[in-house]
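This report concerns only the one structure given below.
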Amino acid sequence: MNAVEARGLSKRFGPKLALKDVSFDVRKGEIMGLLGPNGAGKTTTVRILTGILRPDSGSATVMGHDVLEEPLEIRRCIGYLPETPCLYERLTVEENLAFYGRLYDVPEEELRRRIRDLLALVGLKDRAGEKVGALSKGLKQRVAIVRALVHDPPVLILDQPTSDLDPASAKDIRGLIKELNRSGKTVLICTHNLTEAEELCDRIAIINEGCVLAVGKPGELVKDLEGSHHSFEISSFGSISKYLKVIEGLGGVLEVKQVGEDRAVVVLEDRKAISAVVRELILKGCDVLEVRMLRPGLEEVYMRLVRGP
Amino acid sequence: MRLDKALLIAKKDWKDAFSSKAMLASLVLSFALTVAVSVLLTAALALGPDPGRYMTEEELTALRAVLPEASGMTVRQLSAYMVGVIIMPFLFMTMSLAATSILTADSFAGERERKTIEPLLAAPISDSELFLGKVLASFLPTLTSMYVSFGLTCLLINMLTVGLFGCLWFPPLKTVLMVCVLTPAYAFLGMCIVVLGSARASTVKDASNYAAILFFPLLAVFMGQVFGSLVVRTAHLLLAAIVLVALDFLFVRLARHAFSREALIVAR
């Protein structure tokens with residue numbers, strides 16, 4: 001059984017179609033990324049999964065519970081971190097967490113223990129009595145993560161957990177997400193941060209204008225884009241321009257582009273053909289300094305899917 | 001529906017709201033002023049210059065017609081009685097709506113403005129629990145403050161007028177019905193309407209406008225009695241209490257249909 005299953009979700013806000021037939025699964029124990037630009041439909045998708053919004057059509061389940069039929073059960077299974085921390089600033093850290101723990105029916109003694117342990121996990125053990133309003137953005141985000149964990153849910157839905165954070169705080173939060181995943185939590189994370197998606201996610205669904213454009217492991221998505229073409233960058237001591245004509249005529253060479261005085265990119269049908277290219281360059285007197293295979297990154301996959309080829 | 005969930009939300013709102021000293025002060029001050037005005041007015045009429053000097057015989061006849069149960073009273077007693085059954089209940093009713101009107105208007109609109117609403121909507125609570133929690137957050141502090149201040153008013157008025165009436169006369173049944181039954185029932189209904197309005201309003205300021213509408217029916221009843229065109233008898237009050245309590249129950253049941261989580265989260 002998948003932890004989350006979304007099937008043909010569509011949602012309209014007035015004239016705007018926010019989601020069009022969105023389908024994807026999140027397998028138990030994995031970190032799945034919903035990757036897309038602002039306004040792509042990521043937040044609408046997770047709001048449907050948490051039962052805040054109702055889809056116009058389609059269905060979704062979380063841990064086997066239907067979002068429309070069993071909204072209360074769904075909410076118990078999910079630890080939700082919205083885009084902003086959404087904390088009560090005039091209440092203390094502990095009061096915020098205790099309020100939500102009680103809403104989720106966590107027994108009092110267990111709740112006190114969990115709050116203590118989770119605050120220790122995020123490095124806020126000594127800040128329980130402080131008003132949330134006095135904390136920095138990074139610390140508020142940590143408190144919000146603890147709030148999402150206080151009822152020990154099997155699924156975590158994190159909407160842009162590191163947006164607005166400084167690099168050090170963002171790194172800490174990413175480390176925490178990995179740790180939570182290792183402890184058995186299934187994580188669905190919305191992000192437009194490619195580095196974050198690549199670093200954290202086992203699989204990614206790229207979403208734009210309310211449509212899921214691709215789903216797969218980051219490596220698979222890159223491989224799909226790579227297709228049957230292989231690019232190499234060749235650098236030389238001195239100018240490379242006079243040797244380019246030589247390699248253009250070789251078998252298996254699809255394209256040769258000079259990208260600098262001493263560098264060129266060669267696109268090959270078969271990557272094994274690079275040996276013949278390098279041998280020919282050396283024979284013609286080119287002092288080859290470096291040969292590097294150019295693999296498209298997730299960024300290229302994303303840009304090509306979102307902006308077109 | 002679980003009342004403990006609704007109370008959890010209400011308690012959270014109290015902690016949040018009353019951590020502001022200004023909010024606590026406005027609640028205490030509203031009812032302190034109600035007590036002060038009621039007691040001073042009664043004391044002035046009961047102990048001050050004879051009120052009969054300022055009233056014509058026609059005016060006295062009109063007042064006795066509005067308060068038929070006070071036909072045997074002296075002018076001084078009648079004046080104090082009028083404060084107790086017409087002016088004071090009106091003050092309590094007005095204050096019960098006004099004292100926490102900001103808290104009521106803030107219920108959902110404030111959560112939306114401060115961006116705290118989303119995890120609350122994602123928590124395992126039903127629409128009815130969420131709605132009732134927000135209403136109770138305003139209603140219970142109002143009810144408590146009102147009963148405490150009414151008790152204090154009764155004590156002070158009896159202390160000041162026991163000599164005039166020769167007995168502990170306050171509160172008469174009409175006042176008890178108006179302050180202890182009708183006022184909470186009307187306040188609850190009013191708070192339901194404002195909370196529902198707050199769930200649909202974009203800002204707290206917009207939601208506050210709903211609260212203002214609730215004062216007009218009160219004002220109409222008060223003016224009707226003052227000008228002698230409305231004679232309110234105990235039976236009328238009992239009937240009004242039954243209707244209002246029934247409306248309260250009906251409103252809470254119907255509110256969940258009018259209440260939309262989606263409307264709370266979708267930007268306007």
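The figures here come from the full heavy-atom set of this structure, side chains too, leaving out hydrogens, waters and symmetry mates. Just so we're on the same page: letters track the sequence lines, and every chain starts at 1.
Between L53(A) and V266(B), some side-chain heavy-atom pair lies under the 4.5 Å cut-off. Residues E118(B) and Y80(A) are in side-chain contact: their nearest non-hydrogen atoms beyond the backbone lie under 4.5 Å apart. For the pair R261(B)/R54(A), no side-chain contact is recorded, criterion being any heavy-atom separation below 4.5 Å from C-beta on. Taking 4.5 Å as the limit, every side-chain heavy atom of T50(A) sits out of range of all side-chain heavy atoms of L121(B).
The contact list for residues 104-140 of chain A toward chain B, using heavy atoms and a distance under 4.5 Å, reads Y104(A), D105(A) by residue number.
For the pair L103(A) and P124(B), the tightest heavy-atom approach, listed with the atom from each and the gap, is O-CG, 3.8 Å. Smallest separation of non-hydrogen atoms from R102(A) and K5(B): O-CE, 4.3 Å. When all heavy atoms are compared, the tightest approach of L87(A) to T116(B) is O-CG2, 3.3 Å.
Looking at L120(B), the atoms closer than 4.5 Å to chain A (heavy atoms on both sides) sit in the backbone and in the side chain alike. When heavy atoms are compared at a cutoff of 4.5 Å, E111(B) approaches chain A solely by way of its side chain, counted from C-beta outward. Only the side chain of E95(A) comes within contact range of chain B, with at least one heavy atom under 4.5 Å from a heavy atom of that chain.
Crowding of K20(A) atom NZ: a count of heavy atoms from other residues, nucleotides or ligands under 6.0 Å exceeding 12. Around the CD atom of E70(A), the shell of radius 6.0 Å holds more than 12 heavy atoms that belong to other residues, nucleotides or ligands. More than 12 heavy atoms of other residues, nucleotides or ligands sit less than 6.0 Å from atom CG of L176(A). No more than 12 heavy atoms of other residues, nucleotides or ligands sit less than 6.0 Å from atom CE of M159(B).
E89(A) CD to D16(B) CG: the interatomic distance, rounded to the nearest 0.5 Å, is 9.5 Å. Rounding to the nearest 0.5 angstrom, the gap separating the CZ atom in R90(A) from the CZ atom in R114(B) is 5.5 Å.
A salt bridge links E262(B) with K11(A): the closest approach of a Lys/Arg side-chain nitrogen to an acidic carboxylate oxygen falls below 4.0 angstrom.
For the set K15(B), K12(B), K115(B), the entry with the most heavy-atom pairs within less than 4.5 Å of chain A is K12(B).
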